[in-house]
Amino acid sequence: MARRPAPEQPDVLSEEEIKQLRHSLAHLSTDGVRQFYERAHEECRLVHDRLPSPRKMQTLVQVWKQLWKWRRE
């Protein structure tokens, strides 16, 4: 009997990778984080039928959180 191929695992950031990203973002300048945000935002744009990967969306969210955190300080 033929086996079904294993379902494709989504490309996601691990908890450790998110922690490292947060640490890196916290040590960038405001301009550096803004540039990082612009790149992440561009990578997450919906173009035709192409959806961004979960990893790219997680990155955009972490950059947004850092900008929001600085806004409240």
Side-chain angles (χ1 to χ4, degrees):
M1 180 180 271
R3 292 187 179 187
R4 290 184 181 174
E8 185 179 323
Q9 295 296 323
D11 182 24
V12 297
L13 291 171
S14 68
E15 196 62 40
E16 183 60 32
E17 289 171 317
I18 291 174
K19 185 177 176 182
Q20 291 172 356
L21 178 59
R22 284 184 194 146
H23 180 77
S24 297
L25 290 169
H27 289 86
L28 288 176
S29 67
T30 304
D31 287 336
V33 174
R34 286 179 190 260
Q35 289 174 2
F36 201 99
Y37 172 83
E38 289 173 8
R39 280 194 311 270
H41 183 265
E42 182 65 28
E43 290 177 350
C44 289
R45 284 183 55 224
L46 295 176
V47 179
H48 304 292
D49 291 337
R50 181 194 65 108
L51 291 175
S53 71
R55 177 180 288 267
K56 289 180 180 178
M57 290 300 295
Q58 286 175 301
T59 301
L60 179 63
V61 168
Q62 293 308 313
V63 177
W64 177 85
K65 283 182 176 184
Q66 183 62 49
L67 290 169
W68 189 256
K69 181 179 175 182
W70 284 341
R71 181 180 172 266
R72 292 184 292 156
E73 290 179 357

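Only heavy atoms go into these numbers, but all of them, side chains included; no hydrogens, no water, no symmetry mates.
In this structure, the separation between CD on Q58 and OG on S14 is 9.0 Å, given to the nearest 0.5 Å. In this structure, S24 OG and Q66 CD are separated by 10.5 Å, a value rounded to the nearest 0.5 Å.
Linking Ile, Leu, Val, Met, Phe, Trp and Tyr residues whenever their side-chain heavy atoms come within less than 4.5 Å places I18 and V33 in a single cluster. Side-chain heavy atoms closer than 4.5 Å link hydrophobic residues (I, L, V, M, F, W, Y) into clusters, and following such links, possibly through other members, connects Y37 to L28. Under a hydrophobic-cluster definition in which Ile, Leu, Val, Met, Phe, Trp and Tyr are linked whenever side-chain heavy atoms come within less than 4.5 Å, directly or via other members, W70 and L25 are assigned to the same cluster. With hydrophobic clusters built from ILVMFWY side chains whose heavy atoms lie under 4.5 angstrom apart, L60 shares a cluster with L21. Residue L13 is grouped with residue V63 when hydrophobic side chains (ILVMFWY) are merged at heavy-atom distances under 4.5 angstrom, including chains of intermediate members.
Using a 30° and 60° split on the angle between ring planes, H23 and H27 fall in the tilted class, from 30° to 60°.
Partners of S53 under the side chain to side chain contact (heavy atoms under 4.5 Å, CB included) rule, at least two apart in sequence or in another chain, are D11, R55, K56.
Under the 4.0 Å criterion applied to side-chain N and carboxylate O atoms, R45 and E42 are assigned as salt-bridge partners.
Contact between P52 and C44 at its shortest, heavy atoms only, is CG-O, 3.6 Å.
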